[in-house]
Protein chains: 2
Amino acid sequence: MSALREKILTVATDLFQTRGINSTGVDTIVAVAGTTKMTLYKYFKSKEILILEVLQQGHQEFQSWLNAKLDQSSKKPAEKLQKLFDFVEEWVTSPDFRGMAFMKASAEFPNEENIIHKLSAEHAKEFRSYIADIASQAGVIEAEALALQLSMLIEGAIQAEQMKRGSGAIKYAKKAAKVLIDAAPKKPQ
Amino acid sequence: MSALREKILTVATDLFQTRGINSTGVDTIVAVAGTTKMTLYKYFKSKEILILEVLQQGHQEFQSWLNAKLDQSSKKPAEKLQKLFDFVEEWVTSPDFRGMAFMKASAEFPNEENIIHKLSAEHAKEFRSYIADIASQAGVIEAEALALQLSMLIEGAIQAEQMKRGSGAIKYAKKAAKVLIDAAPKKPQ
DNA sequence: GAAAAAAGACAGAATAGTCGATATAGCAAC
DNA sequence: GTTGCTATATCGACTATTCTGTCTTTTTTC
């Protein structure tokens, strides 16, 4: 894979997050990436395709990072749900946190028929499914319901953090999560 | 107040929500509103001013609506927190629900120095304060903390609903809220 | 007749995307 | 080692549309 292609993806990811997707022109992207439009359009057929690839790569990297963190932290499924919020906190409070890509993308492309919106919705769904899997392994009976609730807390906390960096919202989300996890009926082991 | 001015505000509100703010040009707004740019710029000095007014009006209308609903529903503060989620559900599931304006606006204008972002953050804060007041009246000791948690649930549910209409996320947010409200320490009465 | 609004042209910048010409590599043949 | 081929990248101009915002003139409305 080309180094320039990677550079364009990296720069686009950063600019989309810090300035917004619609507010970032391809001219700006190529200028910051130190290349030209010809090169950008060689690797990406359109800006829309570039946006989709940026979203896809960001989502995969985040999910991989989270999954790796959870895997190496604890072998007990019951602890994973709590740990999840620790890692989300680590992510959210890191200096280069810029928000959840699919949340912003769905706001910039509100039409449900839009392909970017659809991909965002898919990523949100995958994130919930991922949490549901962990909840299921932890013996939670209504794993899907709890996963939805926990994802709402996480996305709400990220929304708060996007509004104001250093809000500390995730700490309270974590506490709320503990209450919900403890209250959720589980299979006897 | 001019009827045309109102019409422009109404149309802009709708278009911003359904197509996105940056994706909606003033030409589109005046065309749909059945007026001209001259008139728009007579009432609003710039598109930015229009956006700010749209946000301000939407926020005030929502808060007034919610406050009226809560006032006429129950006189007991303890019940208001639960009722809050009923009314949010009523709002979210209504056919003309288009999302929470300040959530979308902050996504389109991610820079914290941006005036539109600042106003969005202010609205988010006011919404939390409003919930905190109710929680405080209900005797919740850590009213601010619970208000933050409940607002994260609401905003998370709205995020889910923006992703996919009819997701039903708010129902699970309501259940989670009940658990959190019940678990919150309260002053003895 | 006076004020408000419409109509439409206009400026100047930015938008996405294209095109041709040039430069620069690596690599193979001789 | 030199030459030539080829793929890749660069450069800048270019189209054509859209953007915000302004202007003048005409029409409507009271």
Side-chain angles (χ1 to χ4, degrees), chain A residues 1-56 104-105 107-111 113-120, chain B residues 1-56 104-105 107-111 113-117 119:
Chain A
M1 185 139 309
S2 164
L4 266 174
R5 193 189 141 92
E6 290 303 305
K7 180 73 180 171
I8 291 169
L9 270 175
T10 308
V11 166
T13 300
D14 185 56
L15 289 176
F16 287 163
Q17 294 272 33
T18 54
R19 303 185 187 191
I21 298 173
N22 282 317
S23 302
T24 303
V26 289
D27 293 279
T28 308
I29 295 170
V30 296
V32 174
T35 181
T36 60
K37 278 204 277 191
M38 272 307 292
T39 306
L40 186 148
Y41 279 100
K42 176 176 224 166
Y43 292 121
F44 310 95
K45 263 174 66 185
S46 66
K47 188 187 178 185
E48 190 173 67
I49 299 285
L50 173 61
I51 296 169
L52 291 171
E53 283 221 35
V54 163
L55 286 178
Q56 192 63 41
K104 288 183 173 182
E108 292 215 49
F109 302 91
N111 187 345
E113 300 308 309
N114 182 285
I115 189 168
I116 296 170
H117 188 100
K118 280 183 180 171
L119 184 65
S120 302
Chain B
M1 186 137 308
S2 163
L4 268 173
R5 193 189 141 92
E6 290 303 305
K7 180 73 181 173
I8 291 168
L9 271 175
T10 307
V11 166
T13 300
D14 184 58
L15 290 176
F16 287 164
Q17 294 272 34
T18 54
R19 304 186 186 188
I21 298 173
N22 282 317
S23 301
T24 304
V26 289
D27 293 279
T28 308
I29 296 170
V30 298
V32 175
T35 180
T36 60
K37 277 204 278 190
M38 275 306 293
T39 306
L40 187 149
Y41 279 100
K42 175 178 218 168
Y43 292 120
F44 310 95
K45 263 174 66 185
S46 65
K47 187 187 178 185
E48 191 174 66
I49 298 285
L50 173 61
I51 296 168
L52 291 171
E53 284 220 35
V54 164
L55 287 177
Q56 192 63 42
K104 289 183 173 181
E108 291 215 51
F109 302 90
N111 186 346
E113 300 307 309
N114 182 286
I115 189 168
I116 296 170
H117 187 101
L119 184 65

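Computed over heavy atoms, backbone and side chain alike; hydrogens, waters and symmetry mates excluded.
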Asker: Please work out if B/K42 contacts a base, only the sugar-phosphate, or nothing of the nucleic acid, heavy-atom cut-off 4.0 Å.
Answerer: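 Sugar-phosphate contact only.
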Asker: From the options B/V11, B/L55, B/I29, select the one residue that forms a side chain to side chain contact (heavy atoms under 4.5 Å, CB included) with B/F16.
Answerer: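 Option passing the side chain to side chain contact (heavy atoms under 4.5 Å, CB included) with B/F16: B/I29.
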Asker: Whole-Å distance between C/dG17 P and A/I49 CD1?
Answerer: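 Checked: the CD1 to P distance equals 10 Å.
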Asker: C/dG20 P sits how many Å from A/Y41 OH, rounded?
Answerer: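 It works out to 18 Å between those atoms.
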Asker: Looking at every strand, decide which applies to B/T24 at a 4.0 Å heavy-atom threshold: base, sugar-phosphate, or nothing.
Answerer: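 Result for B/T24 = sugar-phosphate.
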Asker: For the side chain of A/D27, starting at C-beta, report the closest nucleotide among D/dG21, C/dA16, D/dT20.
Answerer: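 Output: C/dA16.
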Asker: Side-chain N or O of B/K47 less than 4.0 angstrom from OP1 or OP2 on D/dT20?
Answerer: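 Checking D/dT20 against B/K47, a side-chain N or O does come within under 4.0 Å of OP1 or OP2.
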Asker: A/F44 CZ to C/dA16 P: how many Å, rounded?
Answerer: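 These atoms are roughly 15 Å apart.
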Asker: Tell me the interatomic distance from B/I29, atom CD1, to D/dG21, atom P, rounded to whole angstroms.
Answerer: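 The answer, rounded to whole Å, is 11 Å.
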Asker: Between D/dC11 atom P and A/K37 atom NZ, what is the distance in whole Å?
Answerer: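 One finds 14 Å between P of D/dC11 and NZ of A/K37, rounded.
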Asker: Would you find more than 12 non-hydrogen atoms of other residues, nucleotides or ligands less than 6.0 Å from B/I115 atom CD1?
Answerer: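 Count not over threshold, so no.
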Asker: Between the main-chain N or O of B/T35 and the side-chain N or O of B/T39, is there a donor-acceptor pair closer than 3.5 Å?
Answerer: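 The answer is no, because no donor-acceptor pair under 3.5 Å joins these two groups.
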Asker: To the nearest Å, give me how far apart CG (A/L40) and P (D/dC11) are.
Answerer: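 Computing the A/L40:CG to D/dC11:P distance gives 15 Å.
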Asker: B/L40 versus B/V30: any side-chain heavy-atom pair under 4.5 Å?
Answerer: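 Side-chain contact under 4.5 Å: yes.
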Asker: Check each of A/V32, A/I21, A/T10 against A/L15 using the side chain to side chain contact (heavy atoms under 4.5 Å, CB included) test, and report the only one that passes.
Answerer: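 Running side chain to side chain contact (heavy atoms under 4.5 Å, CB included) over A/V32, A/I21, A/T10 with A/L15 returns exactly one hit, A/V32.
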Asker: Quick check on C/dA5: is either OP1 or OP2 less than 4.0 Å from any side-chain nitrogen or oxygen of B/Y43?
Answerer: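 Answer is yes, contact under 4.0 Å.
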Asker: For A/S23 and for A/M38, find the nucleotide of DNA chain C with the closest heavy atom, then tell me which residue's nucleotide is more 5'.
Answerer: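 It is A/S23 whose nearest nucleotide is closer to the 5' end.
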Asker: Give a yes/no answer on whether the side chain of B/T39 brings an N or O atom under 4.0 Å of OP1 or OP2 in C/dA4.
Answerer: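 For B/T39, the contact criterion (side-chain N or O under 4.0 Å from OP1 or OP2 of C/dA4) is not met.
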Asker: So, does A/T35 get its side chain near the phosphate of D/dT10, meaning an N or O under 4.0 Å from OP1 or OP2?
Answerer: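 Yes.
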Asker: A/L4 has a side chain; which of D/dT10, C/dG17, C/dA6 sits nearest to it?
Answerer: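 Closest nucleotide to the A/L4 side chain: D/dT10.
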